[in-house]
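Presented below is the structure to which this report refers.
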Amino acid sequence: MGVLTTSDADAEIVIPLREGRPEAIEVMYERYAGLAYGLSLRILGDRGRAEDVVQEVLLSVWRKPDRYDPSKGSFRTWLMTLVRNRSIDSLRGHWRRQGADVELGDDLQDLSGHSDPWPAVALSLERDVVRDALAALPTDQRKAVEMAHYGGYSHSEIAERLGLPLGTVKGRLRLAMEKMHSFLSARGVVGVEG
C-alpha cells in the first residue's frame with residue numbers, strides 16, 4: 001500500500017464528514033485530536049480547557065464540514081487554525097472573566113479549594129523552566145523541537161518542510177533533547193541518569 005498524499009488523506013476524512021458518516025469523526029479524532037490538544041495546551045497552559053477546546057472544534061467540524069475549503073489548504077492546517085483561534089478566544093475570555101487586578105497566574109487560580117497547593121505550584125514552576133530550556137536552544141534546534149513536539153510533524157515531514165536531509169533533522173532533535181535534558185537536570189526538573 002502506498003503513502004497517502006495530503007489530498008488523499010483529506011478526502012479520507014472530508015468525504016465521509018460531508019456525507020454525515022459516523023466513522024468520519026472517529027478517523028478525525030484518531031488522526032488529529034492529539035495534535036489539536038497539544039496546540040491548545042501550549043496556548044492555554046490548562047489541560048481541562050485544552051480538552052474543551054478540542055471537543056468544541058471537533059464537534060463544530062462534524063456539524064458543519066462544508067466550512068472547509070480545500071482550495072485554501074489542507075484539512076489538517078484548517079483544523080489546527082480552528083483550534084488555535086478557539087484557544088486564543090478561550091484565553092481572551094478567561095482573562096476578561098478573571099478581571100484586570102488578578103495577580104496570580106492561571107495555574108494558581110484554583111488553589112483556594114485545595115488542601116495542598118504545592119503540586120500545582122511545582123507544575124507551574126516546571127513549565128516555566130521547560131519554556132526557558134526551549135528558549136535557550138539555537139534557533140534551528142528550537143524550530144525542529146517545536147515542529148516535532150508542538151506541531152506534531154514526523155521527522156520526515158520536518159525535513160521536507162525545512163528542505164533539509166532527514167539525518168540533519170534527526171541530529172538537530174537529538175542535540176536539542178540533550179541540551180534540554182542538561183538544562184533541566186541542572187535546575188532539578190529531571191533526574192540525571194548515569
Side-chain angles (χ1 to χ4, degrees), residues 1-95 97 106-107 109-110 119-120 123 126-127 130-131 134 142-164 166 169-170 172-174 176-177 180:
M1 180 176 194
V3 176
L4 289 177
T5 65
T6 300
S7 59
D8 291 339
D10 288 351
E12 187 180 313
I13 292 177
V14 174
I15 292 170
L17 268 175
R18 289 186 173 159
E19 293 173 353
R21 297 189 344 226
E23 66 271 14
I25 195 151
E26 292 174 23
V27 172
M28 183 173 56
Y29 188 85
E30 287 174 14
R31 190 172 293 168
Y32 298 117
L35 178 61
Y37 173 76
L39 174 61
S40 185
L41 181 60
R42 182 173 181 215
I43 292 167
L44 295 170
D46 181 288
R47 290 182 177 140
R49 287 174 53 212
E51 288 172 3
D52 290 345
V53 164
V54 172
Q55 292 296 333
E56 289 171 21
V57 169
L58 293 180
L59 187 58
S60 171
V61 170
W62 169 249
R63 288 180 177 158
K64 297 181 181 177
D66 291 333
R67 289 185 174 174
Y68 168 62
D69 181 356
S71 70
K72 294 184 179 177
S74 71
F75 182 83
R76 172 185 167 155
T77 301
W78 176 71
L79 185 65
M80 292 307 110
T81 300
L82 293 176
V83 169
R84 178 187 171 277
N85 292 344
R86 181 66 190 103
S87 297
I88 291 170
D89 289 346
S90 177
L91 194 60
R92 288 177 181 152
H94 181 72
W95 284 341
R97 286 189 302 276
D106 288 343
D107 295 333
Q109 290 298 314
D110 297 326
L123 180 63
E126 286 179 9
R127 185 179 295 127
V130 171
R131 284 186 189 129
L134 191 59
R142 183 175 58 249
K143 185 171 183 94
V145 169
E146 288 173 342
M147 290 177 79
H149 294 282
Y150 298 117
Y153 293 103
S154 70
H155 294 177
S156 299
E157 289 172 324
I158 295 168
E160 183 179 323
R161 289 183 179 271
L162 296 178
L164 297 169
L166 180 59
V169 170
K170 288 182 178 183
R172 286 181 182 178
L173 288 168
R174 181 183 51 76
M177 291 298 107
M180 287 187 69

S60 side chain to E56 backbone, donor-acceptor under 3.5 Å: no

Shortest non-hydrogen separation from P70 to R18 and the atoms involved: CD-NH2, 4.3 Å

Donor-acceptor contact present, side-chain Y37 to main-chain V54, <3.5 Å: no

Sub-4.5 Å side-chain heavy-atom contact between Q55 and L59: no

Interatomic spacing from CD1 in I158 to CG in L173 - rounded to 0.5 Å: 5.5 Å

Straight-line distance of R42 CZ to E146 CD, nearest 0.5 Å: 4.5 Å

Candidate pair L162 and M147, rule side chain to side chain contact (heavy atoms under 4.5 Å, CB included), full reasoning: CA-CA 10 Å; L162 296 178; M147 290 177 79; 4.0 Å; yes

Any R67 side-chain heavy atom under 4.5 Å of L82 side chain: no

Neighbour count above 12 (heavy atom, 6.0 Å) for E160 CD: no

L41, D52, D46, V53 screened by side-chain contact (heavy atoms from CB on, under 4.5 Å) with S87, the one that passes: V53

Value rounded to 0.5 Å, distance of CE in M80 from OG in S40: 10.0 Å

A24 versus W62, closest heavy-atom pair with distance: CB-CZ3, 4.3 Å

Side chain to side chain, Y32 and I13, heavy atoms closer than 4.5 Å: yes

R161 CZ to S154 OG distance, which is reported to the nearest 0.5 Å: 9.5 Å

For the student: nearest non-hydrogen atoms of S156 and L166, plus distance: N-CD1, 3.7 Å

Main-chain N/O of R86 paired to S90 side chain as donor or acceptor, under 3.5 Å: no

Matching residue for W78 among V61, D69, V83, V14 - test: side-chain contact (heavy atoms from CB on, under 4.5 Å): V61

Spacing of M28 atom CE and I25 atom CD1 [to the nearest 0.5 Å]: 4.5 Å

Inter-residue atom distance R142.CZ - M180.CE, 0.5 Å rounding: 11.0 Å

Whether over 12 other heavy atoms sit under 6.0 Å from R84 CZ: no

